[in-house]
Participant: 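Handing you a structure now.
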Amino acid sequence: MHNPSNSNFPAEKSALFTEQFAMVASSNSLGVAVYCAASLGKQNAFQQAALSLGHALAEAKRPLVYGGGNRGLMGIVSGAVSDQGGQVTGIIPYAIHAAGGEKDKGDGVAKTESVAQVLNESRRGHIETIVVDSMHERKTEMAKRVGAFVGLPGGYGTFEEILEVITWNQINVHNKRKPVILLNVLSYYNPLRDVIRNGVREGFIQPQNEKLCIFVDGPTDPQDHEFFNWGQAALDAIATWQHDQIQPLPFHWTKDTDSSAIPNGKANTKGINGISGGLHGLKTTNAWLKKVWHARSRSGRI
């Protein structure tokens, strides 16, 4: 592996790489990946934020790419986009799909009739679902299809997905700079912001790279959060993100191509961002994995 600081790595190449990464542009893809819970949460403000985001994406004609679930905040945001005639692509691993999807970790109660309506299967319209082999393939397929990421409240899975795409921006995996926007409903993500700022203070995160993640805080009064237009605020944050103020690390994963530039609904079987692997379409994945699933069921291994 070449290291620009290594004596075997020519100084002129190091300077060239530095210049190239200074010129990395933001993605022009309109797709937005949304990371959020498969649970509804305890607060109406969380549900209303998901509803607001879905409506804003549909109105702006920005395709939604999400984790493929029909419950929780995932179900709200995808149902809201679909109900308004927007484009929705859900990407889900076969193991979760075959088990009937992720279950709500809380009481699973819709707080308002408008939320209940978009969660109703008969109202969700046409949502394209792509089944892939693994969690990793789900995440890479989602990232390839979009130009921005938005996080709503969620649990471990949401935390991990958000931190991964922040890291991918930092190490230039996308080969395009893609904003990561966190909707800080009821200050849900304040602890994460504190962790990031502590990383800056202690010398583990470059000060300018605090901007790799943008927090949208909403109104000062928490009581106004369930009425705030979180969707428009997210789109405004994407549009005004100052990508030139971050500093990705000098790694070149792809060859001057925007990894988000594949059409929605078409899996890339040639590997993702330099990672080889078979991403199959829905029919192929189902046919192969169902055999494995049934074989394991008969043998008592699952």
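As the structure is a computational prediction, the values presented were derived from the model and not from experiment.
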Participant: Report yes or no: do Phe215 and Val200 belong to one cluster of Ile/Leu/Val/Met/Phe/Trp/Tyr joined by side chain heavy-atom distances under 4.5 Å?
Facilitator: yes
Participant: Determine whether Glu164 and Lys139 satisfy the following criterion, salt bridge (Lys or Arg N to Asp or Glu O under 4.0 Å), listing intermediate values before the conclusion.
Facilitator: CA-CA 9 Å; Glu164 183 166 59; Lys139 291 184 291 183; 3.2 Å; yes
Participant: Under 3.5 Å, is there a donor-acceptor pair between the Gln232 and Asn229 side chains?
Facilitator: no
Participant: Step through the shown structure and confirm whether more than 12 heavy atoms of other residues, nucleotides or ligands are within 6.0 Å of CD on Gln206.
Facilitator: yes
Participant: Going by heavy atoms in the side chains, are Arg62 and Leu235 under 4.5 Å from each other?
Facilitator: yes
Participant: For the NZ atom on Lys42, are there more than 12 heavy atoms of other groups (residues, nucleotides or ligands in this structure) within a distance under 6.0 Å?
Facilitator: no
Participant: Measure the shortest side-chain to side-chain distance between Leu40 and Leu119 over non-hydrogen atoms and say whether it is less than 4.5 angstrom.
Facilitator: yes
Participant: Between His136 and Glu141, is any pair of side-chain heavy atoms under 4.5 Å apart?
Facilitator: no
Participant: With the side chain counted from C-beta on, respond yes when Glu137 and Pro93 share a heavy-atom pair under 4.5 Å apart, and no when they do not.
Facilitator: no
Participant: Give me the one residue out of Val88, Val34, Ile127, Val118 that meets side chain to side chain contact (heavy atoms under 4.5 Å, CB included) with Val81.
Facilitator: Val88
Participant: Kindly compute the distance separating OG1 (Thr167) from CG (Asn172), expressed to the nearest 0.5 Å.
Facilitator: 13.0 Å
Participant: For Asp83 and Gln117, does a side-chain donor sit closer than 3.5 Å to a side-chain acceptor?
Facilitator: no
Participant: Search all heavy atoms of Tyr94 against all heavy atoms of Val131 and return the closest pair with its distance.
Facilitator: CA-CG1, 3.6 Å
Participant: Which label fits Phe228 and Trp230: parallel for a plane angle under 30°, tilted from 30 to 60°, or perpendicular past 60°?
Facilitator: perpendicular
Participant: Suppose we call two aromatic rings close when their centres sit under 6.0 Å apart. Are Tyr35 and Phe159 close by that rule?
Facilitator: no
Participant: According to a 4.5 Å side-chain heavy-atom criterion applied to Ile, Leu, Val, Met, Phe, Trp and Tyr, with indirect links allowed, do Val150 and Leu192 form part of one hydrophobic cluster?
Facilitator: yes
Participant: Say whether Val180 and Leu30 are linked into one hydrophobic cluster, either directly or through other cluster members, by side-chain heavy-atom distances under 4.5 angstrom.
Facilitator: no
Participant: So do Glu226 and Lys111 actually touch side chain to side chain, heavy atoms under 4.5 Å?
Facilitator: no
Participant: Should we count CD of Glu121 as having more than 12 external heavy atoms under 6.0 Å?
Facilitator: yes
Participant: Applying side-chain contact (heavy atoms from CB on, under 4.5 Å) to Arg193 and Asn198, what does each step give before you reach the verdict?
Facilitator: CA-CA 9 Å; Arg193 176 158 50 193; Asn198 190 52; over 6 Å; no
Participant: Scan side-chain atoms only and decide if Thr112 and Gln48 contain a donor-acceptor pair under the 3.5 Å cut-off.
Facilitator: yes
Participant: Begin with the C-alpha distance, continue with both residues' side-chain angles, and end with the deciding distance and a verdict on side-chain contact (heavy atoms from CB on, under 4.5 Å) for Ile166 and Ile162.
Facilitator: CA-CA 6 Å; Ile166 292 172; Ile162 289 167; 3.9 Å; yes
